[in-house]
Amino acid sequence: MGDITGQRRDLKAWGGLGGPSNGHPHAVPPTTTHALRLGWSLAELRGLCNPDGPRPETTTVPGTPPEALPLRSQRSADAARAACAGTTADLAKTLGLHEADQFATCVALVADARDRAAWPATRRFLFERDAQIQDELTRVDEQLANAYLLGRGLAECYWGLGPEETWLDADGRPTACAPAFMLGRDRRRELTRMLGRLQAGEAHPLTPAAVSGSLEAWGLVVDDPDWAAASSFRESLYEQIRRWYQLMVLRQDPTSMVRPYALLRDTHQLTRTLRVLWPQALLAVLAVGLVTWLLTTIGDGEPAWLQTVLATGSAGAVVAGGLVARARSAAQLWATRLRQDAYTDLVSADITVLPTLPRGSRRQRSRQRRALVESAVRQRGLTPATAVPDTGG
């Protein structure tokens, strides 16, 4: 984690964040995961408390027999709000935020969630708490502030949505609760910057680039009014943020989301991957051919030019060896980058969930959507870090 935990311990036992005396008998050092979860939880809480906020479709537990235990996604709306409020308050305490006890108010707010008249006060409270969190985390640790805003920004892509009739203002411009704003170019660019600021160990190496690619794919959706109006829009977006949560908060390996035998079953993807990697294959063939030719030449008797090269002595051999090592290192770095980019494209496409296209037959829509996703993810602003190959010297 880039010694992030060690950095937190150096903050005078987190004195800058309110210290360990935050109400927890076994306080732990705050990490970027705590900050990411807090941002996500605050955005979700705001959406759950908003009378016009999004409500994901969930399955209900049959009433017979009584009091059957539900999964988290099967809990009632009231239970979900209460759980989210409690999580928000506890995470604020874990991070040691000053006046963290104020967040206990979140628990009381959920009792009035059905009262439309109480929404303005709830909205103002959460707005002020968000500003407090941003300011305090920024003063103490920029990485924590970045993680908080990243979690909040990703979650808001769904939980910040309002009813469709409120997506445009009187002048026809997107409002703050519209998909065109939440997933617009400016927000996508800023979220990509935040993803790029994550340090090594804070997420799987492929996750930031993959999430950035899926954000670009959703940019295609919100830029197309007909596509954004698809009946499956909200359902698909909810599934998308759940995948982001799995990757960013639960740190699931994104390669586990790649469809089995995806490359073998998708001939288009296989062709594109081979097209990307052909320079590496060509270099390998040329290298084998060069070595074969040299060995054949030596086997037929050393020519005059080869004797001259060998006569230059050990100094020339050292220089030549160094040049060969550098060339090999550069070739390995380039080949690694090509493989990473090709594989990241595949992972990005497979973690992306988009609504059904509004035009064409079912088969055409499926193929076109896949092609659009693959094109969009290549426009992402991030790529995985590539380690410099060991030159052996």
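Here the structure is a predicted model, which is why all the values come from computation and not from measurement.
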Exercise. Checking ring pair (Phe, Tyr, Trp, His ring centres under 6.0 Å) against Tyr158, which of Phe233, Tyr238, Tyr245, Trp218 comes through?
Worked result: Tyr238
Exercise. Between Arg152 and Gln134, is any pair of side-chain heavy atoms under 4.5 Å apart?
Worked result: yes
Problem set entry | Derivation of the side-chain contact (heavy atoms from CB on, under 4.5 Å) call for Leu48 and Trp159 | CA-CA 8 Å; Leu48 289 171; Trp159 290 111; 3.7 Å; yes
For this session: With the side chain counted from C-beta on, respond yes when Trp167 and Pro179 share a heavy-atom pair under 4.5 Å apart, and no when they do not.
Result: yes
Exercise. Does Ser214 use its side chain to pair, donor to acceptor, with the backbone of Val211 at less than 3.5 Å?
Worked result: yes
Problem set entry | Contact check, side chains of Arg116 and Asp52, non-hydrogen atoms, under 4.5 Å | yes
Exercise. Which pair of heavy atoms, one from Pro384 and one from Leu206, lies closest together, and at what distance?
Worked result: CG-CD2, 3.6 Å
Problem set entry | Flag, side chain of Gln132 to backbone of His98, donor-acceptor distance under 3.5 Å | yes
For this session: Could you pull out the closest heavy-atom pair between Trp227 and Leu220, with the gap in Å?
Result: CE3-O, 4.0 Å
Problem set entry | Under 3.5 Å: donor-acceptor pair, side chain of Arg251, backbone of Gly201 | yes
For this session: Identify whether the distance between the nearest side-chain nitrogen and carboxylate oxygen of Arg46 and Asp130 falls below 4.0 Å.
Result: no
Problem set entry | For the student: nearest non-hydrogen atoms of Pro30 and Thr94, plus distance | CB-O, 4.1 Å
For this session: Search all heavy atoms of Ala209 against all heavy atoms of Thr344 and return the closest pair with its distance.
Result: CB-CG2, 3.7 Å
Exercise. When hydrophobic residues are tied together by side-chain contacts of less than 4.5 Å, even through go-betweens, does Val222 share a cluster with Val353?
Worked result: no
Problem set entry | Atom of Ser256, atom of Gln252 and distance for their closest heavy-atom approach | OG-NE2, 2.9 Å
For this session: Run the salt-bridge test on Glu164 and Arg234 with the 4.0 Å N-O cut-off and return the result as yes or no.
Result: yes
Problem set entry | salt bridge (charged side-chain N to carboxylate O under 4.0 Å, His left out) evaluation trace for Arg185 with Glu216 | CA-CA 9 Å; Arg185 179 181 178 184; Glu216 293 305 313; over 6 Å; no
Problem set entry | Path from Val373 to Trp244 over hydrophobic side-chain contacts below 4.5 Å | yes
Exercise. Taking all non-hydrogen atoms of both residues, which atom of Arg369 and which atom of Leu354 are closest, and how far apart?
Worked result: NH1-O, 2.8 Å
Exercise. With distance as the sole test, does Arg197 use its side chain to make a donor-acceptor pair with the main-chain N or O of Asn146 at under 3.5 Å?
Worked result: no
Exercise. After noting the C-alpha distance and the side-chain angles of Glu156 and Arg187, does the key distance pass the salt bridge (charged side-chain N to carboxylate O under 4.0 Å, His left out) rule?
Worked result: CA-CA 11 Å; Glu156 279 182 319; Arg187 296 273 287 203; 3.0 Å; yes
Problem set entry | Main-chain N/O of Asp135 paired with Thr138 side-chain donor or acceptor, under 3.5 Å | no
For this session: Using the six-membered ring of Phe125, assess whether NZ or CZ of Arg129 lies under 6.0 Å from its centre and within 45 degrees of the ring axis.
Result: yes
Exercise. Is there side-chain contact between Leu150 and Leu198, with heavy atoms separated by less than 4.5 Å?
Worked result: yes
Exercise. Does a donor on one side chain and an acceptor on the other come within less than 3.5 Å for Thr255 and Asp253?
Worked result: yes
Exercise. Where the side chain of Trp40 meets the backbone of Leu154, is there a donor-acceptor pair that is under 3.5 Å apart?
Worked result: no
Problem set entry | Expected output: side-chain Glu235 to main-chain Ser232 donor-acceptor under 3.5 Å | no
